[in-house]
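No hydrogens, no waters, no symmetry mates; every other heavy atom, side chains included, goes into these values.
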Amino acid sequence: MQSPWKILTVAPLFLLLSLQSSASPAYDDSSRPRDSNGHTCVGCVLVVSVIEQLAQVHNSTVQASMERLCSYLPEKLFLKTTCYLVIDKFGSDIIKLLSADMNADVVCHTLEFCKQNTGQPLCHLYPLPKETWKFTLEKARQIVKKSPILKYSRSVSDICSLPVLAKICQKIKLAIEQSVPFKDVDSDKYSVFPTLRGYHWRGRDCNDSDESVYPGRRPDNWDVHQDSNCNGIWGIDPKDGIPYEKKFCGGSQPRGIILLGDSAGAHFHIAPEWITASQMSLNSFINLPTALTDELDWPQLSGVTGFLDSTVGIKKKSIYLRLWKRNHCNHRDYQNISRNGASSRNLKKFIESLSRNKMLDYPAIIIYAMIGNDVCNGKSDPVPAMTTPEKLYSNVMQTLKHLNSRLPDGSHVILYGLPDGTFLWDNLHNRYHPLGRLNKDVTYAHLYSFLNCLQVSPCHGWMSSNKTLRTLTSESYRSGRREAASPGSSSSPWMDSTPTRWLCCCLRIVSGRRCSSSGPKSWERRIHSTPRLNRCLETKAGTEPLRSMHPWGAQGGRGLGKLMPQTLWGLLCHRPKGVSFSSIFPKCLSLNKEHIWMTVQLCLLLGSVTLPLFLK
């Protein structure tokens, strides 16, 4: 689908064109119709809906509600100014149409921000008018017949068409598409600027005029003279003459965390107060400029690389913060290489933005988390556009080979599995969307239908009333997951090894089946927690006793946020000896039982097949 870059150019006109980023599987994916005005239509309907509902909530005129909305917006990015310009340009017609009891769908079709192409279905969010659509639309057009607005060129709404802004817009667009910082003086892929792919996405540069200084590198001469790796540690202890970097970090095995992900990894989020009239206030849009310049993502809050506390009261620690707490020498060593709409297909277009030098930098943990867009798209017939299992396997293998050539020795790669998105429809379809809560007229099912009709849905396959389509999407997801996670026995001897058969037994255990002393094919009792799995593996599956001291931190709970980071500490602190990979994925020369245990731990917590890759 279209790029989130479009948000930055259209948002000043339609300030809440926020669903576009969530519905963008690929920046230049050929599966997305180029001439679609779907995102513009969504933005118009959202804004007109908010204006209408603000008038209801405050018992005011439409004119007053438009001015109220503009007053809530910050001055940054000229949002407030642009809002008043929009009122001046479109306000009179919106007032006339809403005063005539036309809903947001009719208003946006009348002003031609929504268009019904010949042979295409009518796309609408709200229930259709009691009179025929053709009659209602003609009536609305008569109301604004003499308005100069219909002659207005929509192309002028792009602020980047202005000559004075053309160059800066192009530079910003390039930075976002390549997933590198917009402001990076020394071109080392790190920045002192927070947004536009700055330090919200990767560690903050401590010297933007020296390309040899950046987070994650091994210290230069133990950082006697300067902080070469930006972890805040440098200089010499005058008491004993030992460099602080050597004293505090020598032998501590520092390492970074790198995420290759999609909108989930980027922590895409639309604040409900942006589109809920009853919740709007002067504080509602404080973070909107930051969100827009971060592509409506919040990587600074993500579960992998987040370094700030959540603003919604959810207390959690990211993997990066856990790494930092364990070893402060890891300070600032994080990279969130995620993009809205990323998949195994288009990862190669921005994986080069990953910054890691095989010889100069510390090892890293790379999390590969393309969790949905290989089966998600917005096409009217989404199934043919899904990634085939064979292609998914090929794409993952290419990525792993690329990482093997780039990552320092001692790095690990962890593969996340794909979630089954059927929960989206099952749990949300009959709930009211924020736009529908005031008048009880828009459910998530209505929103899904609207987005699917416009072909801008983030996942038509799962966000659909068509149960057969949802089932097909899940089947595609399952076959793709099997292909990517389990290279077939005909192409990989890894799956035929004895340790792997034990791993398959463990996987069946953690999936909720039963464990028996008679072997992995019959089960006596359910396994629901790590201690039970521990006992099962020790007493029933014949494994060796585990170490007396384990850093897992898992005491029986099932919470992913609680257990996943502690499991990674086990991987970091107790890496098995004598384990090496001569190639990145297919050939495993040794896999001992402790290695299996760690893999099962990650499977239990991540719900996916996880491979720590010890890069030789």
Do [X] and [Y] have side chains that get closer than 4.5 Å, going by heavy atoms?
X      : Y      : answer
Leu79  : Phe285 : no
Tyr416 : Tyr368 : no
Ser476 : Thr388 : no
Ile367 : Ile258 : no
Val50  : Leu54  : yes
Thr387 : Ser344 : yes
Ser465 : His429 : no
Val48  : Leu98  : yes

Using modelled atom types only, decide if a donor and an acceptor are shared between the side chain of [X] and the backbone of [Y] within a distance under 3.5 Å.
X      : Y      : value
Arg202 : Gly198 : no
Asn37  : Thr40  : no
Asp184 : Ser191 : no
Ser449 : His446 : no
His58  : Ser60  : no
Asn336 : Gly265 : yes
Thr61  : Ala64  : yes
Ser99  : Lys96  : no
Ser353 : Phe350 : yes
Ser179 : Ala175 : no

Once disulfide (SG to SG under 2.5 Å) is applied, what residue pairs with a partner in residues 90-121 remain, sequence neighbours excluded?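 As it turns out, the disulfide (SG to SG under 2.5 Å) pairs with a partner in residues 90-121, which skip direct neighbours, are Cys41-Cys114, Cys44-Cys108.
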
Would you say the rings of [Y] and [X] are close, in the sense that their centroids are separated by under 6.0 Å?
X      : Y      : value
Phe78  : Tyr84  : no
Tyr190 : Tyr199 : no
His109 : Trp133 : yes

#### Entry: Full working for side-chain hydrogen bond (donor to acceptor under 3.5 Å, both in side chains) between Thr422 and Arg470
CA-CA 7 Å; Thr422 53; Arg470 299 199 304 270; over 6 Å; no

Legend entry - Atom NZ of Lys440: over 12 foreign heavy atoms under 6.0 Å: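 Result for NZ/Lys440: enclosed.
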
Flag yes if more than 12 heavy atoms outside Lys80 fall under 6.0 Å of its NZ atom; otherwise flag no.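 Atom NZ in Lys80 is packed in, count exceeds 12.
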
Could you tell me which residues satisfy side chain to side chain contact (heavy atoms under 4.5 Å, CB included) with [X], sequence neighbours excluded, listed by chain and number?
X      : answer
Thr136 : Met102, Val106, Pro129, Glu131
Val185 : Asp208
Asp88  : none

If I compare all heavy atoms of [X] with all of [Y], which pair ends up nearest, and what's the gap?
X      : Y      : result
Arg204 : Tyr334 : N-OH, 4.4 Å
Leu428 : Tyr448 : CD1-OH, 3.5 Å
Ala385 : Lys379 : CB-CD, 3.8 Å

Pairing donors with acceptors under 3.5 angstrom, does anything connect the side chains of [X] and [Y]?
X      : Y      : answer
Thr305 : Ser302 : yes
Asn466 : Ser464 : no
Thr195 : Asp294 : no
Glu273 : Asn283 : no
Trp201 : Asp297 : no

Carefully, step by step, assess Glu52 and Gln56 under the rule side-chain hydrogen bond (donor to acceptor under 3.5 Å, both in side chains).
CA-CA 7 Å; Glu52 184 179 18; Gln56 280 185 264; over 6 Å; no

Partner of Asp374 under side chain to side chain contact (heavy atoms under 4.5 Å, CB included), chosen from Leu392, Val396, Leu418:
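Output: one option passes, namely Leu392.
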
**Request:** Evaluate the ring planes of Trp298 and His269, with Trp represented by its six-membered ring, and classify them as parallel (under 30°), tilted (30 to 60°) or perpendicular (over 60°).
**Result:**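 Rings of Trp298 and His269: perpendicular, over 60°.
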
Which residues pass the side chain to side chain donor-acceptor pair (under 3.5 Å) test with Glu67, not counting sequence neighbours?
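Counting only residues at least two positions away or on another chain, Glu67 forms a side chain to side chain donor-acceptor pair (under 3.5 Å) with Gln63.
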
Quiz item: Would you call Arg197 and Glu295 a salt bridge, using N to O less than 4.0 angstrom?
Solution: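 Yes, this pair counts.
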
* **Residues that Tyr444 engages under ring pair (Phe, Tyr, Trp, His ring centres under 6.0 Å), provided they are two or more places apart** =>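 Only His433 meet the ring pair (Phe, Tyr, Trp, His ring centres under 6.0 Å) criterion with Tyr444.
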
